[in-house]
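Please read the structure below before turning to the comments.
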Amino acid sequence: MGKKTSISFTKLMVSTVGALTIAAMSASVAGAVTLKDVQDRGYIRIAVANEIPYGYMDPSGDAKGAGPDVARAIVEQLGIKPENIQWVVTNFSSLIPGLQANRFDMTASEMAIRPERCQKVAYTEPNTSYGEGLLVVKGDPKGLHTYSDFKKDGLKVAVMAGADQLNMMQKLGVPEANIVTIASNADAISTVSTGRADAYAATGLTASELAKKSDKVALAPDFTDPVIDGKEARSWGGFNFNKDSADLRDKFNEALVKFKKTDEWKKILESYGFTPADIKGSTEKTTEELCSEK
């Protein structure tokens, strides 16, 4: 390689590195949304995953659920009219990638706060807490009462892609061959009623809502919450944001902490079936604790 060629190659490398650095900085800036940005443009984009009672769109196209109702109250306090919320519906497994890609500003799906998720997105303090459940064929012909039942040969359990139940099954030692993955809760009833799976594992509230929609399925009677790593499984759900949107998350979080002390907040959760134990439980752990759990 001659001297002239070497110099040209060096310039090319410097130029390429510079371009990559600028691109990375631009991507980071693109993901950063401040409260002022939202106030100036007059709207905020909030994603839900069509999971009752956490965050979903009703038949008339209105966002409902514990997440959306609380989010409306908070963003109004932050200067955004509820009618100026742009609701985005996506699959549960697309919530985190969507935030990272700046397709929306925050989620209102009560996504459980987990250490591995805390590495990817920024959470508020918990808004809700909830236990587990099983959706089974009406009459529960196979006598299913807990997640550990699916360690047995011949039994299959459905879980939603990206949901916590997959991790729970794995930790309990349920064979991969016994696990059926579905795209969304909307597929759960048909998956169980047609025998593709013997049950659908979800939070107790989700399973209860699904059971109301068909006389072919029901909640598993005498269900026992799984014990994972020596602790009874309970989840804490929160709102999450792009990690670069710390200002927006902090302002929303500050208002949320205050709102949780009001009767209005309690009434919202009660209206979606959260029990007194669920409501009390939502204040028992902080996001810092949940993000650092092993």
Side-chain angles (χ1 to χ4, degrees), residues 31 44-57 63-72 74-75 85 87-133 159-168 181-186 188 201-207 209 228 233-246 248-249 252-253 256 260 268-269 272-274 278 281-293:
I44 187 168
R45 302 167 300 166
I46 305 180
V48 296
N50 257 352
E51 188 177 8
I52 300 172
Y54 306 106
Y56 62 98
M57 303 299 286
K64 300 288 186 182
D69 280 12
V70 171
R72 281 191 188 89
I74 300 300
V75 299
I85 297 174
W87 297 102
V88 181
V89 181
T90 188
N91 288 333
F92 187 87
S93 59
S94 298
L95 289 171
I96 288 178
L99 275 175
Q100 293 174 320
N102 200 34
R103 290 195 288 271
F104 29 84
D105 305 310
M106 61 175 285
T107 74
S109 294
E110 295 309 302
M111 182 185 290
I113 303 169
R114 301 276 188 245
E116 65 275 14
R117 291 173 178 164
C118 297
Q119 300 298 317
K120 300 174 182 177
V121 292
Y123 275 96
T124 62
E125 287 303 306
N127 183 48
T128 56
S129 74
Y130 42 86
E132 295 298 302
V159 298
M160 182 170 65
D164 299 317
Q165 286 72 28
L166 175 59
N167 184 52
M168 291 181 190
T181 303
I182 61 176
S184 69
N185 284 313
T203 66
L205 287 165
T206 294
E209 287 294 330
I228 309 292
R234 174 162 282 273
S235 297
W236 282 262
F239 302 94
N240 43 16
F241 299 76
N242 185 298
K243 270 189 168 292
D244 290 327
S245 298
L248 180 59
R249 189 279 308 270
F252 188 99
N253 191 53
L256 172 64
K260 285 181 64 177
I268 288 173
L269 268 61
Y272 287 106
F274 287 86
D278 290 335
S282 72
T283 62
E284 290 179 349
K285 288 201 175 186
T286 66
T287 293
E288 183 177 2
E289 290 171 333
L290 293 164
C291 285
S292 60
E293 284 187 346

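Note that the coordinates shown come from a computational prediction; the quantities given were computed from them, not determined experimentally. Note: hydrogens, waters and symmetry copies are ignored here, and every other heavy atom, side chains too, is used.
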Determine the minimum heavy-atom distance between Ala108 and Ile46, stating which atoms define it.
-> CB-CG2, 3.6 Å
Contact summary for Asp69 and Lys64, nearest pair of heavy atoms = OD1-CA, 4.3 Å
Return yes if some donor-acceptor pair links the side-chain N/O of Arg72 with the main-chain N/O of Ala63 below 3.5 Å, else return no.
-> yes
Could you tell me whether the side chain of Thr203 reaches within less than 4.5 Å of the side chain of Ser235, counting heavy atoms only?
-> no
Out of curiosity, Met106 CE to Arg45 CZ, how far, rounded to the nearest 0.5 Å?
-> 12.0 Å
Quick one: does Glu125's side chain have a donor or acceptor within less than 3.5 Å of a partner on Thr287's backbone?
-> yes
Please round to the nearest 0.5 Å and tell me the distance separating atom CG of Asn240 and atom OG of Ser245.
-> 11.5 Å
Under 3.5 Å, side chain of Asn127 to main-chain N/O of Gly237, donor-acceptor pair present?
-> no
Side-chain donor-acceptor contact under 3.5 Å, Glu51 with Thr206 = yes
Could you tell me whether the side chain of Tyr123 and the main chain of Ala112 form a donor-acceptor pair under 3.5 Å?
-> yes
For residues Pro53 and Glu110, determine if any side-chain heavy atom of one lies less than 4.5 Å from a side-chain heavy atom of the other.
-> no
Do the side chain of Lys243 and the main chain of Cys118 share a donor and acceptor less than 3.5 angstrom apart?
-> yes
Grab the two heavy atoms, one from Ser282 and one from Ser129, that are nearest each other, plus how far apart they are.
-> N-OG, 3.4 Å
Does Lys260 use its side chain to pair, donor to acceptor, with the backbone of Pro126 at less than 3.5 Å?
-> yes
Gap between atom CG of Leu248 and atom CG of Asn253 - 0.5 Å precision | 11.0 Å
Answer yes or no: is there a side-chain heavy-atom contact under 4.5 Å between Asp278 and Leu269?
-> no
Compare every heavy atom of Ile228 with every heavy atom of Met168, then report the nearest pair and how far apart it is.
-> O-CD1, 3.9 Å
Roughly how far, to the nearest 0.5 Å, is CD of Glu293 from CD1 of Ile113?
-> 10.0 Å
Asp105 side, atom CG; Ile44 side, atom CD1 - distance, nearest 0.5 Å | 5.0 Å
Any donor-acceptor pair under 3.5 Å linking the side chain of Trp236 with the backbone of Gly281?
-> yes
Per the ring-ring contact (aromatic ring centres under 6.0 Å, His included) rule, which among Tyr272, Phe239, Tyr130 passes with Tyr54?
-> Tyr130
Any sub-3.5 Å donor-acceptor pair from Ser184's side-chain atoms to Asn91's backbone N or O?
-> no
Among Val89, Asn50, Asn185, the one residue meeting side chain to side chain contact (heavy atoms under 4.5 Å, CB included) with Tyr56 = Asn50
Minimum heavy-atom distance Ala49-Ser109, with the two atoms named | N-OG, 3.2 Å
For Cys291 against Pro115, the heavy-atom pair lying closest together = O-CB, 3.3 Å
